[in-house]
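Before I ask anything, here is the structure I am working with.
Keep in mind that this is a model prediction, so the values were computed, not measured. Chain identifiers are assigned alphabetically (A, B, ...) following the order of the sequence lines, protein sequences preceding nucleic acid strands; residue numbering begins at 1 within each chain.
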Amino acid sequence: DSHKHKDKYKDKEHKHKDHKKDKEREKSKYSNRYDVTADSSSFDLFGDMVQINNVLVLALCGAILVACVGMLVYILPSLCFFMPFRWEEERYTDGVKWKFLEHKGPVFAPPYDPLPSNVKFYYDGKHMKLSSTAEEVATFFAKMLDHEYTTKEVFRKNFYKDWRKEMTSEEKSKITDLNKCDFSEMSEYFKAQSEARKAMTKEDKQKIKEENERILQEYGFCIMDNHKERIANFRIEPPGLFRGRGDHPKMGMLKRRIRSEDIIVNCSKDSKHPKPPPGTKWKEVRHDNKVTWLVSWTENIQGSIKYIMLNPSSRIKGEKDWQKYETARRLKKCVERIRAQYRDDWKSKEMRIRQRAVALYFIDKLALRAGNEKEEGETADTVGCCSLRVEHLTLHQEMGGQEYVVEFDFLGKDSIRYYNKVPVEKRVFKNLQLFMEDKEPEDDLFDRLNTSILNKHLQELMDGLTAKVFRTYNASITLQQQLNEITNSEDNVPAKILSYNRANRAVAILCNHQRAPPKTFEKSMQNLQTKIDAKKEQLADAKRELKSAKADAKVRRDEKSKKAVESKKKAVQRIEEQLMKLEVQATDREENKQIALGTSKLNYLDPRISIAWCKKFGIQIEKIYNKTQREKFAWAIDMAGKDFQF
DNA sequence: CGCGGAACTTAGGATGCTATAG
DNA sequence: CTATAGCATCCTAAGTTCCGCG
């Protein structure tokens with residue numbers, strides 16, 4: 001039965017006549033698999049649902065086991081799982097995201113716990129007792145004292161300005177210079193606290209763990225249309241000092257405490273509404289089923305809205321994720337046509353079209369982000385494709401034996417540097433020269449283009465196409481090609497996994513997913529090398545022993561010595577394997593020094609590619625996806641057979 | 001049609017937990 | 001049994017795209 005169901009998936013996947021209808025169809029196919037039970041509009045969140053969830057978990061295990069091992073025992077729960085209960089019900093239209101939503105609201109940050117009186121703050125060398133409000137803000141600074149950014153002028157200035165707002169008038173008049181403030185006792189106190197926490201007894205740690213688990217069980221789940229779903233971030237962000245990335249003009253500003261009165265709750269009318277803490281009120285309770293969030297509030301640094309939403313394992317997120325990859329797969333079918341067109345557009349007599357075409361070429365070839373305009377002075381100065389400035393590229397007529405090389409050097413998202421030298425077609429090069437003519441370094445490269453114009457154009461080329469689809473498409477197709485190319489079916493499991501990681505790495509490099517080399521990198525590399533050396537020695541010993549055993553067997557010619565040879569042979573083999581495993585590990589780690597694989601794995605690579613690869617080469621999925629990842633990609637694990645190709 | 005706000009995805013670093021080496 | 005490395009999870013900032021309004 002489960003196989004029949006899978007075939008249904010495949011059939012529908014190939015029909016793409018009408019995109020809109022198709023989307024709806026996908027939704028119904030998908031949502032049905034996570035259905036738990038037939039009826040009832042409201043559950044007791046904290047009683048019955050636990051059991052129902054167990055059924056779901058059991059059924060899911062059942063389904064996987066049936067697919068993988070075909071164990072008869074598990075067929076029954078799996079049948080329940082695939083039963084088309086409520087088959088039609090979740091086929092939503094017009095942007096409706098749910099029909100029923102019930103949750104317990106957010107968990108607020110713990111209230112401020114004042115310092116013990118022996119922990120003092122000094123101003124200009126003299127002890128000064130701060131008001132509770134001013135003290136709280138001071139502790140935020142004290143907690144960051146060891147961090148580099150408390151030395152940065154902007155950080156200090158912003159902090160000081162916001163801190164003063166929280167002071168009493170007396171404090172304001174006394175404290176006039178941040179440099180005269182001594183937070184060191186506070187800082188020491190917090191360090192000691194964190195040491196004490198680490199040194200707690202097992203029992204105390206266990207208690208904390210249990211309490212966290214209790215809160216998770218109470219607040220960490222919601223019910224959306226008969227599914228008990230995990231909430232991603234049910235805890236409200238605690239107050240603190242804003243830490244932007246890169247050179248952020250607002251670093252050090254005070255992120256204020258969020259109260260009930262700031263919170264908008266979203267849930268269905270007929271649900272048990274979440275209760276605000278005693279004596280407080282929500283800002284608003286609304287029932288908007290065209291959005292997916294449960295709770296929102298406005299943050300005070302940028303004035304943007306923050307949301308509480310569901311975990312990636314949820315139906316609503318999984319469905320969206322699937323849709324994303326299906327869009328990318330549709331791009332695959334028409335990407336050559338689109339490429340032909342933008343190459344043609346390089347010759348257009350209209351400047352705006354040439355710019356659009358060159359930008360699209362960069363997005364396609366280099367997997368650059370779209371690059372929205374940003375408000376100057378509000379955020380760090382970073383760019384993407386459409387917002388590139390003249391100063392971000394250097395043109396080289398000839399470089400390192402190659403013609404028409406473009407050198408990119410700019411800060412992208414999260415102020416991560418993008419540096420790349422790329423040979424481009426002559427026509428692109430000539431266009432770039434034209435775009436840069438008579439411009440200042442700080443002028444926009446594409447002055448007739450922005451993301452809205454670009455995306456409008458893309459929409460005309462393919463339904464649902466936007467700039468970011470190219471990143472998804474190029475990432476996934478690269479993984480697929482690399483895996484097809486470099487996996488050797490003769491290899492052992494660790495070698496195959498090295499191949500997988502290398503394919504993953506090719507994508508991470510394409511997408512410029514970098515990380516700071518781990519602080520302990522050199523050391524851990526050395527440790528590994530030591531292990532390898534030891535293993536080599538062990539191997540030499542084992543080989544010597546084998547040799548002498550062989551010689552011994554030749555002389556003695558008895559059963560016992562023959563057996564000894566065999567066991568020594570086995571030992572050599574085993575050690576060789578271990579050595580190989582270590583060496584593979586070393587290679588992998590070295591190549592991974594400054595590259596982060598996680599981001600592409602989680603956000604850009606169609607999981608069905610990886611799952612199909614595992615199935616094809618007999619690799620356990622656990623070897624490439626950890627628990628969280630398997631939960632997020634449950635839809636794909638269920639769906640992809642060994643022959644899936646992106 | 002442009003703009004700003006809302007909604008949602010993508011991102012790296014910090015922190016916490018656990019397996020394993022010593 | 002303890003220290004630590006390495007991985008998982010948490011955290012929330014920083015993007016993209018959508019959407020509605022004047």
task: Run the salt-bridge test on A:E378 and A:K250 with the 4.0 Å N-O cut-off and return the result as yes or no.
output: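 Yes, A:E378 and A:K250 are salt-bridged.
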query: Side chain of A:N455: nearest nucleotide among B:dC8, C:dT17, B:dA11?
result: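 Shortest atom-to-atom distance from the side chain points to C:dT17.
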message: From CD1 of A:I305 over to P of C:dC19, roughly how many Å is that when rounded to an integer?
response: 15 Å
field: First of A:T472 and A:T298 reached from the 5' end of DNA chain B, by closest nucleotide
entry: A:T298
task: Under 4.0 Å between any heavy atoms, over every strand shown, what does A:A596 touch: base, sugar-phosphate, or nothing? Just pick one.
output: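 If one applies the 4.0 Å heavy-atom cut-off, A:A596 turns out to touch nothing in the nucleic acid.
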- request: Run the salt-bridge test on A:K97 and A:D288 with the 4.0 Å N-O cut-off and return the result as yes or no.
  value: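 A salt bridge is absent here (no side-chain N lies under 4.0 Å from a carboxylate O).
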message: Can you measure A:L602 atom CG to B:dG13 atom P for me and round it to whole angstrom units?
response: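 About 16 Å, once rounded to whole Å.
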At a cut-off of 3.5 Å, list every protein nitrogen or oxygen paired with a nitrogen or oxygen from nucleotides 12-14 of chain C, distance to 0.1 Å.
unit_1: C:dA13; atom_1: OP1; unit_2: A:K255; atom_2: NZ; d: 3.0
unit_1: C:dA13; atom_1: OP2; unit_2: A:K306; atom_2: NZ; d: 2.3
unit_1: C:dA14; atom_1: OP1; unit_2: A:R245; atom_2: N; d: 2.7
unit_1: C:dA14; atom_1: OP1; unit_2: A:H248; atom_2: ND1; d: 3.3
unit_1: C:dA14; atom_1: O4'; unit_2: A:D414; atom_2: OD1; d: 3.4

query: Can you check the A:Q594 CD to B:dG13 C1' distance for me, whole Å?
result: 16 Å
task: Report yes or no: is the cationic atom of A:K228 (NZ for Lys, CZ for Arg) under 6.0 Å from the centre of the six-membered ring of A:F221, at an angle within 45° of the ring normal?
output: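 Satisfied, under 6.0 Å and within 45°.
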field: Distance in angstrom units between A:E375 CD and B:dG4 P, rounded
entry: 7 Å
message: Below the 4.0 Å mark, does C:dT17 have OP1 or OP2 next to a side-chain nitrogen or oxygen of A:R471?
response: no
- request: Using a cut-off of strictly less than 4.0 Å, decide whether A:K198 has a side-chain nitrogen or oxygen near OP1 or OP2 of B:dT15.
  value: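 No, outside the criterion.
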message: Measuring to OP1 and OP2 of B:dA11, would you say a side-chain N or O of A:T599 lies under 4.0 angstrom away?
response: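 No, outside the criterion.
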- line: Between CE of A:M309 and C1' of C:dC11 the distance, given in whole Å, is 15 Å
field: Nearest to side-chain heavy atoms of A:K468, which nucleotide of B:dT9, B:dC8, B:dG12
entry: B:dT9
- prompt: Can we say A:K191 and A:E188 salt-bridge, meaning some charged N sits less than 4.0 Å from an Asp/Glu carboxylate O?
  reply: yes
task: Write down the distance between CG (A:N311) and C1' (C:dC11), rounded to a whole number of angstrom.
output: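 Rounded to the whole Å, the gap is 14 Å.
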message: Which is more 5' along DNA chain B, the nucleotide nearest A:Y307 or the one nearest A:N512? Just name the residue.
response: A:Y307
Atom-pair distance (CD1 on A:I301; C1' on C:dG15), nearest Å: 18 Å
query: If each of A:Q459 and A:A232 is mapped to the nucleotide of DNA chain C with the nearest heavy atom, which maps nearer the 5' terminus, i.e. the 5' end?
result: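 Closest to the 5' end, via its nearest nucleotide, is A:A232.
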N or O in side chain of A:S452 less than 4.0 angstrom from B:dC1 OP1/OP2: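 For A:S452, the contact criterion (side-chain N or O under 4.0 Å from OP1 or OP2 of B:dC1) is not met.
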task: List the steps and the verdict of ring pair (Phe, Tyr, Trp, His ring centres under 6.0 Å) for A:H103 and A:F234.
output: CA-CA 10 Å; A:H103 59 92; A:F234 57 91; over 10 Å; no
query: In whole Å, what is the span from the CD1 atom of A:I416 to the P atom of B:dG13?
result: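 One finds 5 Å between P of B:dG13 and CD1 of A:I416, rounded.
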task: Would you tell me whether A:D606 and A:Q480 have side-chain atoms, one donor and one acceptor, within less than 3.5 Å of each other?
output: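 Absent: no donor and acceptor within the cut-off.
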message: Can you tell me which nucleotide in C:dT17, B:dA11, B:dA14 comes closest to the side chain of A:H147?
response: B:dA14
query: Going by atom types only, do A:R608 and A:Y325 share a side-chain donor-acceptor pair under 3.5 Å?
result: no
task: Determine: side-chain N/O of A:N372 to OP1/OP2 of C:dT16, distance under 4.0 Å, yes or no.
output: yes
field: Sub-4.5 Å side-chain heavy-atom contact between A:Q620 and A:K623
entry: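 Result yes, sub-4.5 Å side-chain heavy-atom pair found.
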